[in-house]
Asks: 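Sending over a structure as structure tokens; questions will come in a sec.
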Amino acid sequence: MNFQHTPFNGISYDHDTIRKLIKEYDVQFIKLQFVDINGQVKNLAVPSEHIDRVLNNEIMLDGSSIKGFRDIETSDMFFYPDINTFQILPWQERDGRNSARLICDIYNADGTPFEGCPRCNLKRLMLEAQKLGLSMNIGPEAEFFLFEKDEEDRITTKTHDRAGYYDVGPDDLGEAVRSDIVSTLQEMNFDIEASHHEGADGQHEVDFKYSDVLTAADNVVTFRIAVKAIAAQYGLHATFMPKPVYGINGSGMHCNISMFKDGVNAFYDENAQNQLSDTARYAIGGLLKHIKSITAVLNPTVNSYKRLVPGYEAPVYMAWSLANRSALLRVPSKRGVSTRVELRSPDPSCNPYLAFAAILAACLDGVRNRIEPPKQVDANIYKLTEKERKKFRIESLPGSLKEALYCMQNSLIAKTALGPHILEEFLTAKDIEWDSFRTYVSEWEIDKYLARY
């Protein structure tokens with residue numbers, strides 16, 4: 001698997017350059033980062049004097065200790081760092097203790113990629129696309145909330161401000177935090193396009209430039225770490241939980257998707273209707289056909305489905321349109337190299353490696369099998385009656401994690417996207433999560449029933 005992260009500034013690292021940077025910045029620790037099947041970042045900190053062992057793939061991992069990895073009898077695994085992900089961590093520098101990170105693939109003891117490593121799995125799907133002469137770019141837009149902490153440093157759900165969409169200071173109290181986040185990300189070679197206050201109280205968004213799916217997934221992981229680290233410096237808690245506060249909008253992670261062939265945007269055809277190529281149409285068809293089967297990956301928590309409800313600008317209806325933001329898929333107006341499709345249902349709690357693998361698998365199936373999408377819907381779907389939606393044959397996304405898992409469990413496209421190992425581990429973990437939620441007695445139930453009965 002020869003795909004590697006390529007930094008936006010065009011720098012490609014080699015071993016000598018990494019050694020030089022470690023010495024120049026007095027780096028004390030190298031953090032070897034990877035994610036588990038839930039997308040949670042894990043790391044092993046190695047003293048920098050052992051950098052040669054790191055670069056020679058000699059550092060071992062106990063896979064039995066990571067959810068969804070190996071059993072104890074086959075637990076020896078190895079870190080294979082992607083050297084182009086080497087990065088000095090700016091928030092560590094300000095602490096006076098310099099650390100760097102390397103994002104790693106996890107390999108088996110026999111030197112083969114571990115089938116349960118989400119990053120290796122995404123590379124596998126990228127190779128499938130390559131066989132068709134295609135590659136995929138994704139531009140994610142991850143939203144997040146800033147919450148205050150109490151006097152004992154415990155996280156609350158009290159939002160940091162009461163500002164709204166595109167508001168400015170002094171209403172927007174998050175300007176300074178966002179500015180620091182942007183500056184930090186720029187130090188880490190992110191190409192930042194914009195940042196702004198989102199629609200809900202205490203909700204924010206920082207947009208960075210699209211990139212290939214592997215780099216995009218790496219960037220989402222890095223982004224989430226950076227946002228939390230900078231927020232903590234302000235005494236705040238940043239969360240990517242999809243729906244932390246009842247009654248206001250939740251946080252999404254819209255994904256702007258395009259496919260390229262021979263360096264040219266394969267979604268663009270200036271002579272076609274709406275200037276959308278056959279490849280674009282088929283990709284849309286594949287996404288709409290398979291979206292129910294991959295929703296559990298794009299929206300992987302119980303809480304995700306409290307965002308995916310009508311009335312809060314969240315996409316719940318399976319349709320596509322030009323510009324219409326009430327549709328699940330929309331095609332923004334820019335054409336040429338910027339031609340893309342925006343999938344609006346994913347949320348930032350997802351594992352980006354698995355989510356992007358699922359999106360890629362659905363699009364590839366659409367292209368391979370020439371799946372035509374239904375007619376686009378121009379009407380505001382939120383205002384259509386149930387009868388009108390049936391007339392247009394507009395279905396809804398799964399309404400709960402349980403329903404999404406049911407749609408996923410016998411899906412061939414889900415098995416293609418995740419592979420048998422990850423699919424089985426994912427379903428098992430999420431079934432446990434759902435059962436825990438199902439049997440938990442909530443405060444709502446206490447408030448509703450305790451006195452009455």
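In what follows, residues are counted from 1 in the order of the sequence shown.
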Asks: Over all heavy atoms of both residues, which pair between H197 and H204 is shortest? Give the atoms and the distance, please.
Replies: CD2-CE1, 3.5 Å

Asks: Given 3.5 Å as the limit, does a donor-acceptor pair link the side chain of N351 with the main chain of D36, or not?
Replies: yes

Asks: Is any side-chain heavy atom of M408 closer than 4.5 Å to one of F426?
Replies: yes

Asks: Given side-chain contact (heavy atoms from CB on, under 4.5 Å), test Q233 with V177 step by step and report yes or no.
Replies: CA-CA 9 Å; Q233 293 178 356; V177 186; over 6 Å; no

Asks: Nearest 0.5 Å, please: how far is CZ in F260 from OH in Y268?
Replies: 12.5 Å

Asks: Strictly by modelled atom types, are T112 and N108 linked by a side-chain donor-acceptor pair under 3.5 Å?
Replies: yes

Asks: Could you tell me the separation between the CZ atom of R178 and the NE2 atom of H196, rounded to the nearest 0.5 Å?
Replies: 8.0 Å

Asks: Output yes when a side-chain donor or acceptor of R389 lies under 3.5 Å from a complementary backbone atom of L384, and no otherwise.
Replies: yes

Asks: Going by the side chain to side chain contact (heavy atoms under 4.5 Å, CB included) test, name the single residue among L125, I359, D212 that passes it with M136.
Replies: I359

Asks: Any side-chain heavy atom of R124 within less than 4.5 Å of one from P113?
Replies: no

Asks: Are more than 12 heavy atoms from other residues, nucleotides or ligands located less than 6.0 Å from atom NZ of K158?
Replies: no

Asks: Does L328 form a side-chain contact (heavy atoms from CB on, under 4.5 Å) with L343? I'd like the steps, not just the answer.
Replies: CA-CA 6 Å; L328 175 67; L343 177 61; 4.0 Å; yes

Asks: Using modelled atom types only, decide if a donor and an acceptor are shared between the side chain of R224 and the backbone of P348 within a distance under 3.5 Å.
Replies: yes

Asks: Do I225 and V41 have side chains that approach each other closer than 4.5 Å (heavy atoms only, starting at C-beta)?
Replies: yes

Asks: Does Q203 reach the main-chain N or O of G250 with its side chain, forming a donor-acceptor pair under 3.5 Å?
Replies: yes

Asks: Quick check for you: to the nearest 0.5 Å, what is the distance between N249 atom CG and F145 atom CZ?
Replies: 7.5 Å

Asks: Answer yes or no: is there a donor N or O on one side and an acceptor on the other, between the side chain of R340 and the main chain of S338, under 3.5 Å?
Replies: yes

Asks: Are L329 and I291 close enough that some pair of their side-chain heavy atoms sits under 4.5 Å apart?
Replies: no

Asks: Looking at S321, is its backbone amide N or carbonyl O close enough to the side chain of D378 to form a donor-acceptor pair, meaning the two atoms are under 3.5 Å apart?
Replies: no

Asks: Measuring only between side-chain heavy atoms, which start at C-beta, is V331 closer than 4.5 Å to L276?
Replies: yes

Asks: Which value, rounded to the nearest 0.5 Å, describes the distance between L185 atom CG and T222 atom OG1?
Replies: 8.5 Å

Asks: Rounded to the nearest 0.5 Å, how far does CG of D191 lie from OH of Y210?
Replies: 9.5 Å

Asks: For R393, does the CZ atom sit with more than 12 other heavy atoms under 6.0 Å from it, leaving out its own atoms?
Replies: no

Asks: Is it true that D278 and R281 have a side-chain N and a carboxylate O under 4.0 angstrom from each other?
Replies: yes

Asks: If you take all heavy atoms of A266 and T279, which pair is closest and at what distance?
Replies: O-CB, 3.4 Å

Asks: Taking atom types as modelled, find out whether N265 and T339 have a side-chain donor-acceptor pair closer than 3.5 angstrom.
Replies: no

Asks: Any donor-acceptor pair under 3.5 Å linking the side chain of K228 with the backbone of A238?
Replies: yes

Asks: Would you call I37 and H421 a side-chain contact if the rule is heavy atoms closer than 4.5 Å?
Replies: no

Asks: Nearest 0.5 Å, what's the CD-CZ distance between Q33 and F79?
Replies: 10.5 Å

Asks: Any chance the side chains of Y282 and N369 put a donor and an acceptor closer than 3.5 Å?
Replies: no

Asks: Specify the closest pair of heavy atoms between S411 and S293, including all atoms of both residues, with the distance to one decimal.
Replies: OG-CB, 3.2 Å

Asks: Taking C-beta and beyond as the side chain, do V302 and Y440 meet within less than 4.5 Å on heavy atoms?
Replies: no

Asks: Between the side chains of R330 and E342, is the shortest nitrogen-to-carboxylate-oxygen separation below 4.0 Å, so that they form an ion pair?
Replies: yes

Asks: Between C255 and F356, which heavy-atom pair has the shortest distance, and what is it?
Replies: SG-CE2, 3.8 Å

Asks: M318 and L288: which non-hydrogen atoms are nearest, and at how many Å?
Replies: CE-O, 3.5 Å

Asks: Taking only Lys NZ, Arg NE, NH1 and NH2, and the carboxylate oxygens of Asp or Glu, determine whether R307 and E143 approach each other closer than 4.0 Å.
Replies: no

Asks: Using a 4.5 Å cut-off on heavy atoms from C-beta on, say whether the side chain of D365 contacts that of H290.
Replies: yes

Asks: Walk me through it: do F240 and V227 pass the test side-chain contact (heavy atoms from CB on, under 4.5 Å)?
Replies: CA-CA 10 Å; F240 293 92; V227 168; 3.9 Å; yes

Asks: State, without any angle test, whether E433 and S436 hold a side-chain donor-acceptor pair at a distance under 3.5 Å.
Replies: no

Asks: Hey, is the main chain of N299 close enough, under 3.5 Å, to the side chain of Y305 for a donor-acceptor pair?
Replies: yes

Asks: Test salt bridge (charged side-chain N to carboxylate O under 4.0 Å, His left out) on E388 and K391 and set out the steps.
Replies: CA-CA 5 Å; E388 288 171 326; K391 177 183 176 183; over 6 Å; no

Asks: Should we say atom NZ of K415 is surrounded by more than 12 heavy atoms from elsewhere, each under 6.0 Å from it?
Replies: no

Asks: Begin from the C-alpha positions of E445 and S442 and carry the test side chain to side chain donor-acceptor pair (under 3.5 Å) through to its verdict.
Replies: CA-CA 5 Å; E445 293 166 282; S442 67; 3.0 Å; yes

Asks: Could you check whether atom CG of L322 has more than 12 heavy atoms from other residues, nucleotides or ligands sitting under 6.0 Å from it?
Replies: yes

Asks: Do N303 and T301 get their side chains close enough for a donor-acceptor pair, meaning under 3.5 Å?
Replies: no

Asks: Can you tell me if R335 uses its side chain to pair, donor with acceptor, with the backbone of N274 under 3.5 Å?
Replies: yes

Asks: Mind running side-chain contact (heavy atoms from CB on, under 4.5 Å) on S195 and I181 for me, showing each step along the way?
Replies: CA-CA 10 Å; S195 69; I181 290 170; over 6 Å; no

Asks: Would you name the heavy atoms of A327 and P315 that are closest together and state the gap between them?
Replies: O-CB, 4.2 Å

Asks: How about CD on E424, more than 12 heavy atoms from neighbouring residues, nucleotides or ligands closer than 6.0 Å, or not?
Replies: no

